[in-house]
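A short worksheet on the structure shown next.
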Amino acid sequence: MLISGAGVAGPTLAYWLARHGFAVTVVERGAGPRSSGNPVDVRGPAWSVANRMGIVPRLRAVATHATAMRLVDGNGRSLARIPMPATRGDEVELPRGDLAAVLLDAVRDDAELVWDDTITALAHDAGGVDVTFERAAPRRFDFVVGADGLHSTTRRLAFGPESEFVSHLGLYVATVPLGSDEGTDVLLHNTPGRLVSIHPARGAALAAFIFRSAPVPGFDHRNQTQHKQIVTMAYADAGWRVPELLDRLAAAEDLYFDAVSAVRLASWSAGRIALLGDAASCVSLFGDGSTLAMAGAETLAAALAADPATGFARYEAAHRRLVDPKRRRVGRAAGMLVPRTHLGLRVRDLAARGVAAFR
Ligand SMILES: Cc1cc2nc3c(=O)[nH]c(=O)nc-3n(C[C@H](O)[C@H](O)[C@H](O)COP(=O)(O)OP(=O)(O)OC[C@H]3O[C@@H](n4cnc5c(N)ncnc54)[C@H](O)[C@@H]3O)c2cc1C
């Protein structure tokens, strides 16, 4: 069994497949595990997956410990402060890279890990999949699972070009590591159509710029110089700590920037090749993607263990029931986080004060 991608979904799937007795190889384009990254949540179905993997203490040890969300105006004055549910006992928020590292550690002894490589061609027949790699020698596997994220190579090779499955949701997101603590409150500053946030994490706080924009002509998700220009132009006249954060962005070497996107496919498998996590069903940054990635991985492993011949179909039928409701909430979540107008902002701030009063 070959898994492409060692983010959240890939190592979780590798762990459960190994537990079910499969021989597993994971190929990852990165040169090694990364720490930090955007904060993600492990909760609901993923919390019980983590519990059964025995990794909850390790997840808690690297949790961000953000305790509340605070809306601030252009002068930094507090407009509303909402305690965050992540302070409950059955969920945790942590940097995505740290989650991936903990998941990888759980499977390190039971799977073959191949770093700094990528699949370049896939050819499947009734008995298996012939896989060509950029660096390693070609190999044949029983099954291949693409857990290689929003811009999945597996999906492109086995299902078709990205443009057929990935849709821009009218927003872009940039994140910049600040390398500081920044307290315990997530700070959010909005102007119509724009949000800047500072998300605390033990010594690894992250600034995020999320803004509404039609697709930028010629957008290239790998061109950092272009990304810095786009963000700087979008926030040119913004107040609060934005000028300081734009300076950090200009100097950053590890900027993340991408269109906020959804992935939709009519089917998540083609013969002996399947997709998992963001590659199959990215619900954007508003939709519990890491939780869905972990839950889907366990479902897929169990379905393959029960019957390899029908495993992909049963995984898809079961996991779509979790994914679809999250998808429907994305528009509302985006409207709350990045209101388009002054009126929308005032309504959102009022609603936030109401929520704060009841927590
Ligand atoms: C800014 C931002 C904020 C977010 N906030 C949240 C949040 O608050 N809560 C939440 O639950 N989710 C959040 N998400 C979503 C969450 O990060 C994803 O849904 C989750 O990481 C999906 O896991 P995955 O394993 O499918 O993909 P990824 O985590 O993207 O992992 C894919 C892996 O595949 C590797 N890869 C890519 N191409 C190849 C290739 N060709 N060959 C081999 N390997 C490859 C990548 O290097 C990566 O390691 C956020 C996302 C972003 C961008």
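Whatever order the structure lists them in is the order used to number ligands and atoms, beginning at 1. Heavy-atom basis, side chains included; hydrogens, waters and symmetry copies ignored.
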Open item on the list: Heavy atoms only, cut-off 4.0 Å: how does Asn38 contact ligand 1, side chain, backbone, both, or neither?
Closed with: side chain

Open item on the list: Would Gly289 count as being in polar contact with ligand 1, using the rule that some N or O on each side must be under 3.5 angstrom apart?
Closed with: yes

- [ ] Check whether the ring centres of Phe257 and Phe209 lie less than 6.0 Å apart, and answer yes or no.
- [x] no

Open item on the list: Between Arg314 and Ala303 (side chain of the first, backbone of the second, donor and acceptor by atom type, cut-off under 3.5 Å), is there such a pair?
Closed with: yes

TODO: Around atom 10 (C) of ligand 1, find the nearest protein heavy atom and jot down its residue, atom name and distance.
DONE: Ser290 OG, 3.4 Å

- [ ] Scan side-chain atoms only and decide if Arg81 and Ser78 contain a donor-acceptor pair under the 3.5 Å cut-off.
- [x] no

Open item on the list: Using 0.5 Å steps for rounding, measure from the OG1 atom of Thr153 to the CZ atom of Arg156.
Closed with: 5.0 Å

- [ ] Decide whether Thr154 and Asp148 meet the rule of one side-chain donor and one side-chain acceptor closer than 3.5 Å.
- [x] yes

Task: Contacting atoms of ligand 1, where contact means under 4.0 angstrom from a heavy atom of Ala6 - done: 49 (O)

TODO: Pull out every atom of ligand 1 sitting under 4.0 Å from any heavy atom of Asp41, numbered as shown with elements.
DONE: 7 (C), 8 (O), 9 (N), 10 (C), 11 (O)

TODO: Considering heavy atoms of the protein only, find what lies nearest to atom 37 (C) of ligand 1 and give residue, atom and distance to 0.1 Å.
DONE: Asp148 O, 3.4 Å

Task: Lys228 NZ to Leu255 CG distance, which is reported to the nearest 0.5 Å - done: 6.5 Å

Task: Contact check: Pro39 vs ligand 1, nitrogen or oxygen atoms, below 3.5 angstrom - done: yes

Task: Closest protein heavy atom to atom 43 (C) of ligand 1, given as residue, atom name and distance to 0.1 Å - done: Arg29 N, 3.1 Å

- [ ] May I ask you to check if Arg194 and Tyr235 form a cation-pi contact, with NZ or CZ under 6.0 angstrom from the six-membered ring centre and within 45° of the axis?
- [x] yes

TODO: Please confirm whether Ala9 comes within less than 3.5 Å of ligand 1 when only nitrogen or oxygen atoms on both sides are compared.
DONE: yes

Open item on the list: Out of all atoms in ligand 1, which are within 4.0 Å of some heavy atom of Ala147? Include the element for each.
Closed with: 32 (C), 33 (C), 34 (O)

TODO: Return the residue, atom name and 0.1 Å-rounded distance of the protein heavy atom closest to atom 26 (O) of ligand 1.
DONE: Asp278 N, 2.8 Å

- [ ] Among all protein heavy atoms, pick the one closest to atom 29 (O) of ligand 1 and tell me residue, atom and distance.
- [x] Arg96 NE, 2.8 Å

TODO: Measure from the side-chain N and O atoms of Asp125 to the backbone N and O of Gly128, and report whether any donor-acceptor pair falls under 3.5 Å.
DONE: yes

Open item on the list: Ring centres under 6.0 Å, that's the criterion: do Phe22 and Phe141 meet it?
Closed with: no

Open item on the list: Could you identify the single nearest non-hydrogen protein atom to atom 27 (O) of ligand 1 and state the distance to 0.1 Å?
Closed with: Gly149 CA, 3.8 Å

Task: Proximity of His227 and Tyr172 rings by center, below 6.0 Å - done: no

Task: Nearest-contact summary for atom 23 (O) of ligand 1 - protein heavy atom, Å - done: Val8 CB, 3.6 Å

Task: Under 3.5 Å donor-acceptor, Arg212 side chain and Val338 backbone - done: yes

- [ ] Using a strict cut-off of 4.0 Å, indicate which atoms of ligand 1 neighbour a heavy atom of Gly277.
- [x] 26 (O)

Task: Test item: side-chain donor near acceptor, His151 and Asp278, under 3.5 Å - done: no

TODO: Please indicate whether any nitrogen or oxygen in Leu276 is less than 3.5 Å from any nitrogen or oxygen in ligand 1.
DONE: no

TODO: Any pair with a residue in residues 263-273 that passes side chain to side chain donor-acceptor pair (under 3.5 Å), sequence neighbours left out, goes on the list, sorted by first then second residue, please.
DONE: none

- [ ] Enumerate the atoms of ligand 1 whose separation from the nearest heavy atom of Tyr256 is less than 4.0 angstrom.
- [x] 53 (C)

TODO: Using a strict 4.0 Å cut-off to heavy atoms of Val173, name the atoms of ligand 1 that fall inside it.
DONE: 1 (C)

Open item on the list: Could you identify the single nearest non-hydrogen protein atom to atom 47 (O) of ligand 1 and state the distance to 0.1 Å?
Closed with: Glu28 OE2, 2.6 Å

- [ ] Taking only heavy atoms of Ser4 into account, list the atoms of ligand 1 that are under 4.0 Å away from them.
- [x] 42 (N), 43 (C)

Open item on the list: Under 4.0 Å from a heavy atom of Val27: which atoms of ligand 1 are those, numbered in the order shown and with their elements?
Closed with: 43 (C), 44 (N)

